Amino acid sequence: MNSLPIIGLLCKIKTVEPMLSVDLGAGKYQLMAESGVAVRSTTISASGEEPAEIEDALVAAIDNRLITSAHIGQDGSLSMRLANDVDVTFLPDPDYESWWIVGIDGFRVVCLPGGGLAEWDPEPVSNDKHL
């Protein structure tokens with residue numbers, strides 16, 4: 001996947017347990033994660049097997065912050081840099097889908113067990129008025 005459509009969007013945490021749910025861009029996209037995550041900055045360093053283990057660090061790092069860059073590594077990890085110079089990495093899981101991003105336009109990317117990716121392109125915009 002060459003680029004993610006989430007750069008420049010504001011993060012708003014909805015829930016951390018039982019899985020992390022983050023609204024991106026006032027409802028344009030949703031990030032969900034339920035596996036390993038790491039948060040790093042000059043003042044924060046935390047990691048956990050699941051988001052709830054580092055809830056305070058996640059809230060401090062990403063809630064109400066803009067995404068300045070985002071990419072998917074060859075291992076299936078999702079790395080995001082936020083406007084406050086915090087790096088957040090969602091790690092792949094050997095046995096479960098670990099994270100996914102879903103857009104209202106039909107865009108979807110899912111980190112499969114072992115780090116592979118499943119991707120769906122956005123739905124084409126249609127001017128058809130058929131019901």
Side-chain angles (χ1 to χ4, degrees):
M1 168 163 281
N2 293 333
S3 67
L4 292 169
I6 61 173
I7 297 168
L9 299 182
L10 183 69
C11 298
K12 183 65 182 159
I13 293 178
K14 292 184 150 203
T15 63
V16 177
E17 260 186 283
M19 73 177 67
L20 179 66
S21 173
V22 183
D23 177 83
L24 304 174
K28 290 182 181 177
Y29 296 90
Q30 187 77 23
L31 165 65
M32 306 286 283
E34 58 182 344
S35 203
V37 61
V39 176
R40 301 274 184 266
S41 75
T42 56
T43 58
I44 301 171
S45 181
S47 62
E49 301 263 328
E50 57 186 51
E53 292 178 10
I54 61 166
E55 179 174 356
D56 292 342
L58 279 170
V59 170
I62 67 176
D63 202 31
N64 293 310
R65 307 288 186 180
L66 290 175
I67 300 169
T68 59
S69 69
H71 72 277
I72 300 171
Q74 290 183 353
D75 65 349
S77 60
L78 169 63
S79 297
M80 300 187 322
R81 174 158 275 222
L82 300 153
N84 53 345
D85 290 329
V86 173
D87 294 307
V88 179
T89 303
F90 298 96
L91 304 170
D93 187 279
D95 301 314
Y96 302 100
E97 294 176 349
S98 57
W99 61 264
W100 54 97
I101 299 170
V102 178
I104 60 173
D105 60 357
F107 172 88
R108 180 181 299 251
V109 61
V110 178
C111 182
L112 300 171
L117 297 177
E119 303 172 40
W120 291 260
D121 290 327
E123 298 290 328
V125 176
S126 173
N127 292 328
D128 249 351
K129 304 279 185 197
H130 299 287
L131 297 177

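None of these values were measured; they are calculated from a predicted model.
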Are the side chains of [Y] and [X] in contact, using a 4.5 Å heavy-atom criterion?
X    : Y    : value
I6   : L31  : no
V110 : W120 : yes
T68  : D85  : no
L9   : L66  : no
P113 : P94  : no
D23  : Q30  : yes
L117 : I72  : yes

For this session: May I ask you to check whether S35 and E49 show a side-chain donor-acceptor distance below 3.5 Å?
Result: no
Minimum-distance pair of heavy atoms, taken over all atoms of [X] and [Y]:
X   : Y    : answer
V37 : L91  : N-CD1, 4.4 Å
I44 : A60  : CD1-CB, 4.2 Å
C11 : I67  : SG-CG1, 3.6 Å
Y29 : F107 : CE2-CD2, 3.8 Å
A33 : F90  : CB-CD2, 3.6 Å
E34 : E50  : O-CB, 4.2 Å

Problem set entry | Y96 reachable from W100 in the ILVMFWY side-chain graph, under 4.5 Å edges |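 No, separate clusters.
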Exercise. Is V16 reachable from L10 through a run of I, L, V, M, F, W or Y residues, each pair having side-chain heavy atoms under 4.5 Å apart?
Worked result: no
For this session: Could you walk me through whether V86 and V39 pass side-chain contact (heavy atoms from CB on, under 4.5 Å), step by step?
Result: CA-CA 7 Å; V86 173; V39 176; 3.7 Å; yes
Using 0.5 Å steps for rounding, measure from the [atom1] atom of [X] to the [atom2] atom of [Y].
X   : Y    : atom1 : atom2 : answer
M32 : E97  : CE    : CD    : 11.5 Å
L24 : M80  : CG    : CE    : 7.0 Å
S69 : I7   : OG    : CD1   : 6.5 Å
S98 : L112 : OG    : CG    : 8.5 Å
K28 : I101 : NZ    : CD1   : 15.0 Å
L20 : K14  : CG    : NZ    : 12.0 Å

Is the backbone N or O of [Y] less than 3.5 Å from a side-chain atom of [X], with the two atoms forming a donor-acceptor pair by type?
X   : Y   : result
R40 : A46 : yes
T15 : M19 : yes
D63 : I13 : yes

Exercise. Taking 4.0 angstrom as the limit, do D87 and R81 come out as a salt bridge?
Worked result: yes
